[in-house]
Amino acid sequence: MAQFQSLPGFREFYPDAFARRSHIFRGWRRAAHAYGFSEYDAPVLEPLELYKAKSGDEIEAQLFSFVDKGGREVALRPEMTPTVCRLVGAKASALKRPIKWCSIGEFYRYERAQKGRERAFFQFNCDIFGEPGPEAEIELIGLLVQALSGFGLTAADFYVRLSDRTLWLHYLASLGLDEARSKSVLGAVDKYEKMGDDAFKGYAEAHGAPLAEEVKAKVLAFLKIKSLSALEAVLAPIGGDALQARLADWRKLLNGLAAMGLGEFVEVDFGVVRGLAYYTGFVFEAFDRKGELRAIAGGGRYDDLVKKLGGPDLPAVGFAIGDVTMGLLLEARGLMPAFGPNAEIYAVIGGEAERAAAFLDIAALRAAGYRVEYPLKDLAFGKQFKAAAESGAKIALVYGGDELAKGVVKLRDLADRSEHEIPRDSVLVAVRDHLSGGASS
RNA sequence: GCGGUCAUAGCUCAGUUGGUUAGAGCACAAGAUUGUGAUUCUUGGGGUCGCGGGUUCGAAUCCCGUUGACCGCCCCA
């Protein structure tokens, strides 16, 4: 039994787990590159103030924070958004628009680990800066879908729920609610799915009286809106240019996503508002269809945040996918491949005398990019062939005394068990022909 | 921060009302087999039974504490 254990919520990636993690990262990068996003990274340790400025003092309880030896209050990053806002803000005027950036990084939150939630986890963050219109959302949600569907997940496995804090605030204002009351109502809406009617208790406590029943009925009806047409019907009597412009944005967004063939992945759902106060417009969350897991991804527009963190006035929209929940979903749907040894060639070596000849070819094959394995210590031939089969290799090269005496190497196809002799000086060519052609005779 | 369940070999687990030196399967290694593979047989390494304390002639087993894991609550950027 090991004397030391890893800290709670921190994961150790043994080779098989690391292979699964790499598979996830590869899929994310493939999608991001297809969409023309540039990858960046930034410090893991940041000034504590960066997160307080964005989220308030209460956030400190959820952070890995401490005072460093220089007396600085610092924190391990719990998310990428404030950092990327700083990076983009600092060079905004020099960056070509639109700014489409992505990153894969590890994040740290001091919370109790649960299913789908660890204290250290990876996130794929994608953001578009400098584009205020719904064109940015189309591009970003398209990427979100592809970053999941690229693993083989379909519209039967996950979907993106799409909502809009701007419209919510318009609607609540039309019901006579001021800004503070509207924020409280949005907080209740965020919790309604889980808590039901109790979600509105906070409103009553904050404002001294419960939300008027007729207003509450309208709020509950609004959060159940699941289509653009239902939305238009509810908002028609209210009118106003701003509202009409916003509905036009909605049509553009949904039409754009439909034209990309993503209609079946996206659902209008005003039950989503996301609790975070800094979201300013469209918000969205990706969930598994069966509702068995916590959110796979979340995002939205945050047009005020870059400026709030000391940068220029720069509109922004972004999302993040976590590796934990997405990994669970891939496993549950049988979409996580089995990763094992993946050698292509296994050299069977007769003994010390044959080793030098084998090494010459092994080095050449490896230099040419082939994955080559051989036994580090002398082994019986039977064991070597067994090891060759287990290594995943497609062919074995046999360096025995008999072969070397004849100036040849025996090439054995491990799948069909055929073998033939090849001249020592044409091993590379013979291997290339055999592996590329798939021919065995 | 709160509650529930659990902790025996690398993995999955068994271990009788507390009783001799804690077991099995899988995995790993060696041999049977100094020239041909997923089979078989034999053998081996690997445990302070999560950790600490208590009760007892005697504790993997009972009690207390603690740490960790899983599940849920709070939170979820």
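Letters go in sequence order (proteins before strands), and every chain restarts at 1. These values consider heavy atoms only, across backbone and side chains, with no hydrogens, waters or symmetry-generated copies.
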For [N] and [M], measure between their [atom1] atoms and round to the nearest Å.
N     : M     : atom1 : answer
B:A69 : B:C57 : C1'   : 36 Å
B:G25 : B:C64 : C1'   : 36 Å
B:A14 : B:A22 : C1'   : 11 Å
B:G44 : B:G50 : P     : 26 Å
B:U43 : B:C51 : C1'   : 35 Å
B:G46 : B:U39 : P     : 26 Å
B:U8  : B:G68 : C1'   : 16 Å
B:C28 : B:C70 : P     : 27 Å

Above 12 or not: heavy atoms from other molecules or residues under 6.0 Å from [atom1] of [X]?
X        : atom1 : result
A:Phe18  : CZ    : no
A:Glu292 : CD    : yes
A:Glu73  : CD    : no
A:Lys52  : NZ    : yes

With distance as the sole criterion, do the side chain of [X] and the base of [N] form a donor-acceptor contact below 3.5 Å?
X        : N     : answer
A:Lys383 : B:U34 : no
A:Gln384 : B:U36 : no
A:Arg112 : B:C74 : no
A:Arg117 : B:C75 : yes

Of the nucleotides [options], which has the atom closest to the [X] side chain?
X        : options             : value
A:Ile59  : B:G72, B:A77, B:U36 : B:A77
A:Lys194 : B:C75, B:G37, B:A69 : B:C75
A:Lys410 : B:C73, B:G35, B:G68 : B:G35

message: I need the CG-P distance between A:Asp190 and B:A77, as an integer number of Å.
response: 8 Å
query: Counting just side-chain N and O atoms, does A:Arg417 come under 4.0 Å of either OP1 or OP2 of B:U36?
result: no
- request: Would you indicate, yes or no, if B:C75 has its OP1 or OP2 atom less than 4.0 angstrom from a side-chain nitrogen or oxygen of A:Lys191?
  value: yes
task: By nearest nucleotide on RNA chain B, pick out whichever of A:Glu79 and A:Ala415 is the more 5' one.
output: A:Ala415
task: Name the residue closer to the 5' end of RNA chain B, choosing between A:Arg294 and A:Leu7 according to the nucleotide with the nearest heavy atom.
output: A:Leu7
Hey, does [X] reach any base, or is it just sugar-phosphate, or nothing, if we go heavy atoms under 4.0 Å?
X        : value
A:Glu403 : base
A:Gln62  : base
A:Pro78  : base
A:Val398 : base
A:Ala389 : base
A:Asp402 : base
A:Glu390 : nothing
A:Gly401 : base
A:Gly116 : nothing

Is_stacked (A:Phe381, B:U36) at 5.5 Å, 30 deg: no
field: Side-chain donor-acceptor pair present, A:Glu106, A:Tyr108, cut-off under 3.5 Å
entry: yes
field: Straight-line distance of A:Thr81 OG1 to A:Tyr302 OH, nearest 0.5 Å
entry: 5.0 Å
field: Interatomic spacing from CG in A:Leu186 to OH in A:Tyr279 - rounded to 0.5 Å
entry: 14.0 Å
